[in-house]
Every structure is written in structure tokens, then in C-alpha cells.
4 protein chains.
Amino acid sequence: MSANEIRIPKQKRSIEKRTAIINASYDLFCEKGYYRTNTAEIAKAAGVSTGIVYSYFHDKKDILKEVVGLYIFRLEEQFRPIFCSTIDRGNIAVVIEKFIDLSIASHTMNAAAHNEFLALALLNNDIQVLFNHFESKMLETLYEKLVAAGYLGDLLLERLRICYGIIEQLCHEHIRYKRNDVELSNMKSIAISTIVGLLDMAMG
Amino acid sequence: MSANEIRIPKQKRSIEKRTAIINASYDLFCEKGYYRTNTAEIAKAAGVSTGIVYSYFHDKKDILKEVVGLYIFRLEEQFRPIFCSTIDRGNIAVVIEKFIDLSIASHTMNAAAHNEFLALALLNNDIQVLFNHFESKMLETLYEKLVAAGYLGDLLLERLRICYGIIEQLCHEHIRYKRNDVELSNMKSIAISTIVGLLDMAMG
Amino acid sequence: MSANEIRIPKQKRSIEKRTAIINASYDLFCEKGYYRTNTAEIAKAAGVSTGIVYSYFHDKKDILKEVVGLYIFRLEEQFRPIFCSTIDRGNIAVVIEKFIDLSIASHTMNAAAHNEFLALALLNNDIQVLFNHFESKMLETLYEKLVAAGYLGDLLLERLRICYGIIEQLCHEHIRYKRNDVELSNMKSIAISTIVGLLDMAMG
Amino acid sequence: MSANEIRIPKQKRSIEKRTAIINASYDLFCEKGYYRTNTAEIAKAAGVSTGIVYSYFHDKKDILKEVVGLYIFRLEEQFRPIFCSTIDRGNIAVVIEKFIDLSIASHTMNAAAHNEFLALALLNNDIQVLFNHFESKMLETLYEKLVAAGYLGDLLLERLRICYGIIEQLCHEHIRYKRNDVELSNMKSIAISTIVGLLDMAMG
DNA sequence: CATGAATGAGGATTCATTCAT
DNA sequence: AATGAATGAATCCTCATTCAT
């Protein structure tokens, strides 16, 4: 075989370097876009040489995968409060509102990242897979929590997916269009009641 | 100053060339993607010289804008039956189902185009604007039809936007994930009743 | 398909450009070697841009093939007097000597080219094929001339191949080692008489 | 000045490392070729660090020299039976046949090595020198044996060189072209009788 | 108007060699 | 002495755009 293997860094310094490359790439991809960022810029921003980048990553797309992985990891972290809390009949509306607020916040805070990485997912199947995996995991977790809260499984997953679409739409309205606060607030109220309604239909 | 002026073709032959370039680009962008298609290929597929392309378009991105314009024009054509039909209390569920079917059909038939152009819209604001404009126009038309059918305007537009998100989600489920027919059919039923419900809340 | 096809130049200027690239490459490959010559140097020496090189050739190796083709064409030209002359019992020794002199001359004059391209043939099958083809053609032509001169076909081709080896060795002695003139002259005499003997064994 | 000094290993461990590097390189150069083998691969295959390679060798080409040295050493070993045996008038044809068989065998067994190293010799004078030295030594040894067997020195060396060319040609026919067994066998017979004839001419 | 040859900057990747640890 | 991480120059090739004809 060849010796051109990818180094899996174990030592502190190596891990730091790998992380620095990912972080620098993350920022550059958000700022300039993946296609307009070249490997020399990544290396410079990460404070390493161009050559070393290829010790840690197969190629530029490999860096992208890690960057998207990081983006999704951060998404998960932002949603952790939801996943850790328990859902019951009483707090469902509150939980939904919190979920919506978190979704909007994460979309808004990282609008550039969101746009860039979602676009790349559409253009590239390897990236798409990462997003699909995240989405599936999230919906399954919510599904289990709802079942535990007494919501019946009958078509619950299908309902959840539609709820997800409602929330995504809400997020897009925030970052894509310049709606005024009243409109957004009204849409949010409608979204919450629609979602509550959708879930209640699966109630005993 | 004026050397870079773009010709606005008036003569038949010129218009045909411009159209040929757009059509050829449309096909190539769907087949290979925008970034993997070069201008030499476009010219060749359109049966013109590479130089002439720059008489009709400022640059490659300018071609893309026209191609997306064409894509949206075709979308509009597909939805024309809906826009031409009248909506009333009695046929609302039927109209919604038809709208959903058309949405799914247009997404599915042009999955490649949809993915490619949506991605490019996320990466490029000029393209995003075209999509936003289409979406706004469509929702406004529906809005007016609903008002004419007796649906109250109170928050109707906000409701409509949420309905749009539900339908988009349904389409994504068709093209992104390999759901089975039963799941898709169930989601569609849920979507229809949810949308009907959302609109009925705005009923007198 | 793609538009990245290789241009087959028909117009004078294009043919000149293609030829200039091949000639410049020929010289550079002889002077610095194939691996130490980069495409920018080739373009510069040919008086063209780097990009245009790839309009006429698929890649660097494609240039090499043409260069070796040119080398072999020049070899053929040098041997043409032999191929055009007739062989008979009476002049066989003279023809052999002439052939040897031509071989030595062509090896000596283009020692750098010979070394470089023979080496690349050993390293690369596409190039090897060009040389093999030349060698086969040459031997077959000689074979037919000998048959016409009354030499029997029985094992004649095998004999010819051995004669070829003798001449090659003679050439190598000229370019590889610093032999003195007497030695070389003696070797030549031995070679001639050996070859004559080898061919005579196939005489009626 | 002295920082670049190459260690001449005296201790057992050092010698083993040096040898491991040469052996690993030998195999890799045969398998992948010199240009496609990088120093990291060599170090890995030899079980040493990349840095240590530069303690034992000036640079990559220095390794190549040693590898070719090893190749030639192995060649010599294969021919040792010939060099150890005595030649006389009675067994000359047998010895020649044995020499031919050994030559063909060594070429065939190490066709990859033979091609690669011969090519590199053509591209690089330092390597060429190693081969020339081997060839000279071999021919001189044979020369002396022949003289001892009563063959006259008159032009004997020149004859020998031509014989060598005949044998080389025979070997090339084996590894370069796909000749059938009958052809090869015939060529071998012709070669033997030609060589015997060439040597007999120098007989008293 | 039209052509398509020509440009040349730009970009991903490799690898012999060095050097801090 | 030994390591292997790090360097960064070098290279092949692409392609949007221009311009001589």
C-alpha cells in the first residue's frame, strides 16, 4: 500500500492542528463559500502549511465533510436542552415553542453557514447524508419522547415530519425574507397551534 | 464603457440563438451541474461559438439567472391549472390535493433541476431573489383566490405560508428520502387535512 | 459529451502552433529530460500560452507520444535510402555497411534523444509500442527485400532479428562507451561479416 | 558542512536498517517504479522513520544507486556458475547455451526490475556507469577464460562484445515481444551457432 | 456580426527534505 | 540516535473571458 495515509491525530498538538484546520475552514466557508476558498487560504488561516492539510484530510471535500460535521454537532448542542427535557401532555405547547425558538435562533445566528452547507448538501450526496442522518436522529428522539408522553404511534412519525416542515418554513421566513416582527410572531403562533393540533390528533 | 454591452436581441435569428444558449445551459446544468459545465460546452450544445455567448450574456452567472428564470417559468406553467381554476368552499380540499400533486410531480420530474437551482439560490442572492419572487407571486395569487372564495384575510397570508412549508416538506420527502408509498400517502392525507384546517380557521 | 476535445488543426497557423509545441518539447525533452520539463516551459519555448497546449494535446504524456512519433519519423527518414535501394547478392555487404553507418550516425547524432526516449519506452508501454512498431516495420521491409533478392525465408526473420541485435550493440558501443576508433572499426568489420554470414546461411 | 554527512554504519543494527531500506526500495521500485515511489513509502516498508533514511543516504537518487548496485550484485550471483566453471574447446557450445539460458532467465524473472533499472540507467549517468562496469567486468572475465582455453586474443574482446549484443537481443525478444516458443527456440539455436562461429574465428 | 483560437491566472495536490522534540 | 510532523515549492491542468481575423 502507499504511505499516504491520513493521520489520525492522537497527540494534543496534532489534534489541535486538525481542529484548527476545521475551524479555519468553517469560518472561511461561511465567509467566502466553499468554492471560493482555496486550500492555501485554509492552511494560512489555520496557521499551518499547505502540505500538512493533506496529512489530516484526504482532499478538500474531506475537509468539507468535517466542517459540516462540526456544524451539525453545534446544531445538536443547541437542541440538547430539548432532548434532555421531558415531554408531557401539560408542557407540550411550551416545548414546541422552545423548539421553534431554538430552530429560529440557530438558523438566524448561523445564516451564512446554514445557506452554504445546505446548498452543498443539495449539490453533494456525501454532505446530504450527514444532514439526513441528523434530521432522522432528531425526529426519532422526539418520536420516542412523544410516545413516552402518551402520544400514540399511529402515523405519529408522519405527523412529526410535517411538523418539521412547518418549523423549517418558519425558519426560512426569518432568514430569507425580511418579514416584520408582527408577521413573524403571528406565523409562530399559527405554527405552534397547528403542531399542537397535529400531535393531539395522535392522542388517546 | 460600452464595449461590454449586452445585445438585446430583436431579430428572429438573434432571439433563437439566445434561446438556444439558455436551453442548452438548462439541460447541461441539470445533467452535470452548474460548476461542472463550462462555457465551451454550453456554446457547443447551443450550436454557437463561445464568443457569441458573451454578446448575449455578461458572464456565466448571467446565463444561470436566465436558466433559473426559465425553470421558474416552467414551474409556473405547471401550476397554471391551479391559478386558472376558481376556488370555493366546496372544492377547497380537491384544489389543495391537486396543488400538492402538482408540486410533487414538478419536484419529482425535475429533481435534478430542483436540487441544482435551489442549491445555487442558497449560494447566490440573485438567484434566491428569483425564487422568492415566484413564491411570493404564487402565494399572493392563492391569497386573492381564497379571499374571493370567502376566506377572511385575517392572518390568511401567514397561514398560507405555513401551508406552503407543509407542501415543500412533502416534496422533499419524495425526492430526498426513500419513503415507501404508504408513508408518503399517509403524509399527504395528513398534509391535506392540516391545510384544510388551517384555512378553515380563517373562515367566516 | 464535453467540449474539451482535442483540436485537430487544419489551418496553417494551427498546424504551425501544434508543430511548434512538438518541436519545442522535443528539444526540451532531449535537453532536460521529460520529467524535468514542465508544461509552462514547453508553452514558453513554443511561443504559446500554457492553456493552448491542452487544446492540441490531451495531456503531457500525449505530447510525449507525438514527440517520440517525430523522433521515429526522423529515424525512418534517415533510413529511407536503405529502404529505397534494392538488395541483391552482389551488394549485400555494401548495403549492410550502409545500414550500420546510418544506424550509428542516427544514434550518435541524437544520443540524448535516443537515451531519453528509449528510457521512456521502457517505463511506459504506450511509448514502447511506438518503438516496437517501427522496429517491426523496418525488419519486415528488410525481410521482403531479402526474399526478393533470393534469400530463402527459412528462419530468415529470426536471423534478421539477431542481426538487428548485433547492430544495436554496435551503436551502444558508440554512444555508451568511449571506445577508440580502431576498436569500433574492428567491431564494425566483425559485425558486417557476421551478418553477411547469417544471411548467407539462408541462401539457396 | 558536516551536517549533511552520511553515516557509514558499522554497528549491526545500523547495517540492518540500511539494508532494510535498500531491500524495501528494491521491491517498491520494481513494483511501482522509481518515480511513483515516495520516500515515505520506502521508510514505511523498511520499518524505519522517514528522517532516518537521510542519515544513510544523501537523497532519493542515492538510494537508487544502492538499489541498482544490489540488482547488479544479484545478477552477478546468477552468473557465478558460469564464471566458476572452466571453458575449453570441447564444452564451449554448452557454456554458451548455459550463459544464454541464464541471461534469459534473469531477464525474465526480473523483467520489471530489468526494465526499470535499464531505463533509469539511460536517464542517469551515475546508474549507467554501474551497468557499464558490470558489463565490462563480465566480458573481461569471459575474455580471460577464453584466452585460457586457447582462444586467441586477436579481436577477441570485440567479438565478445558482439556476442553480448546477440544475447541481449535474444533476451529482449523474450521480455518485450510475445514471440512463440518455436521462434524463440530457433533464434536461440541461431544465436548459439553464430556465437560459436564468432569465437572459432579467433581459434588457433 | 461571428468565430474559435488564445490567454494566463488559479487551484488542488504531491513529495523530497528538514528539524524540533 | 531516532522520529515523523511539518514545510512549501513545484506541477499539471482547467476555464471564464477576450480579441484578432
Side-chain angles (χ1 to χ4, degrees), chain A residues 2-4 7 9 11 13-14 17-18 35-44 47-61 63, chain B residues 3-4 7 9 11 13-14 17 35-44 48-63, chain C residues 2-4 7 9 11 13-14 17-18 35-44 47-61 63, chain D residues 3-4 7 9 11 13-14 17 35-44 48-63:
Chain A
S2 95
N4 300 350
R7 187 181 312 159
Q11 293 195 326
R13 264 188 45 145
S14 287
K17 219 151 246 185
R18 205 185 116 94
Y35 289 111
R36 271 181 298 273
T37 303
N38 63 43
T39 52
E41 287 171 303
I42 291 172
K44 197 178 174 188
V48 299
S49 67
T50 59
I52 206 67
V53 171
Y54 290 86
S55 298
Y56 293 110
F57 303 92
H58 274 292
D59 50 27
K60 199 183 165 194
K61 196 188 281 174
I63 304 176
Chain B
N4 293 357
R7 185 186 318 160
Q11 294 196 322
R13 265 188 42 145
S14 285
K17 272 188 188 171
Y35 289 109
R36 274 181 296 273
T37 302
N38 63 44
T39 51
E41 286 172 296
I42 290 172
K44 195 186 173 189
V48 300
S49 66
T50 58
I52 210 70
V53 171
Y54 287 85
S55 300
Y56 294 109
F57 302 92
H58 274 102
D59 51 28
K60 201 184 164 192
K61 196 184 282 175
D62 198 23
I63 304 176
Chain C
S2 96
N4 301 351
R7 189 182 310 160
Q11 294 195 326
R13 264 187 46 143
S14 285
K17 219 151 247 186
R18 206 186 114 95
Y35 289 111
R36 271 180 298 273
T37 303
N38 64 44
T39 52
E41 287 171 303
I42 291 172
K44 196 179 175 190
V48 300
S49 67
T50 60
I52 206 66
V53 171
Y54 290 87
S55 298
Y56 293 110
F57 303 93
H58 274 292
D59 50 26
K60 201 185 163 193
K61 196 188 281 176
I63 303 176
Chain D
N4 291 358
R7 184 185 321 158
Q11 294 196 323
R13 266 187 46 149
S14 287
K17 270 187 188 171
Y35 289 110
R36 276 181 294 274
T37 303
N38 63 44
T39 50
E41 287 172 295
I42 291 172
K44 195 188 172 190
V48 300
S49 67
T50 59
I52 209 70
V53 171
Y54 287 84
S55 299
Y56 294 109
F57 303 92
H58 274 103
D59 51 28
K60 200 185 166 193
K61 195 185 282 173
D62 197 23
I63 303 176

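Here is the naming used below: chain letters follow the sequence lines, and residue numbers restart at 1 for every chain.
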B:S55: side chain to side chain contact (heavy atoms under 4.5 Å, CB included) partners, not counting sequence neighbours: B:R7, B:I52

C:K17 NZ to C:Q11 CD distance, which is reported to the nearest 0.5 Å: 11.5 Å

Smallest separation among heavy atoms of B:D62 and B:H58, with atom names: OD2-N, 2.8 Å

Nucleotide-level pairing of DNA chain E, given in dot-bracket where Watson-Crick and G-U pairs need both distances under 3.5 Å and | marks other strands: .||||||||||||||||||||

Between CD1 on residue C:I42 and CZ on residue C:F57, distance to nearest 0.5 Å: 9.0 Å

Atom-to-atom span, CD1 of C:I63 to C1' of F:dT11 - whole angstrom: 13 Å

Side-chain N,O (B:Y54) to OP1/OP2 (F:dT17) below 4.0 Å: yes

Closest non-hydrogen atom pair between C:E41 and C:R36, with its separation: OE1-O, 3.6 Å

Contact pattern, 5' to 3', of nucleotides 2-9 of chain E - B, S or - by protein heavy atom under 4.0 Å: SBBBBBBB

Least distance between heavy atoms, B:K60 atom then B:T37 atom: NZ-O, 2.8 Å

Between C1' of E:dT18 and CG of D:D59, the distance in whole Å: 14 Å

Listed partners of A:K44 passing side chain to side chain contact (heavy atoms under 4.5 Å, CB included), at least two apart: none

Partners meeting side-chain hydrogen bond (donor to acceptor under 3.5 Å, both in side chains) with A:S49 (sequence neighbours left out): none

Which atom of C:R18 lies closest to which atom of C:Y56, heavy atoms considered: NH1-O, 3.6 Å

4.5 Å side-chain heavy-atom contact, D:T50 and D:V53: no

Residues from residues 36-44 of chain C lying under 4.0 Å of DNA chain E - heavy atoms: none

Spacing of A:K60 atom NZ relative to E:dT14 atom P, expressed in whole Å: 15 Å

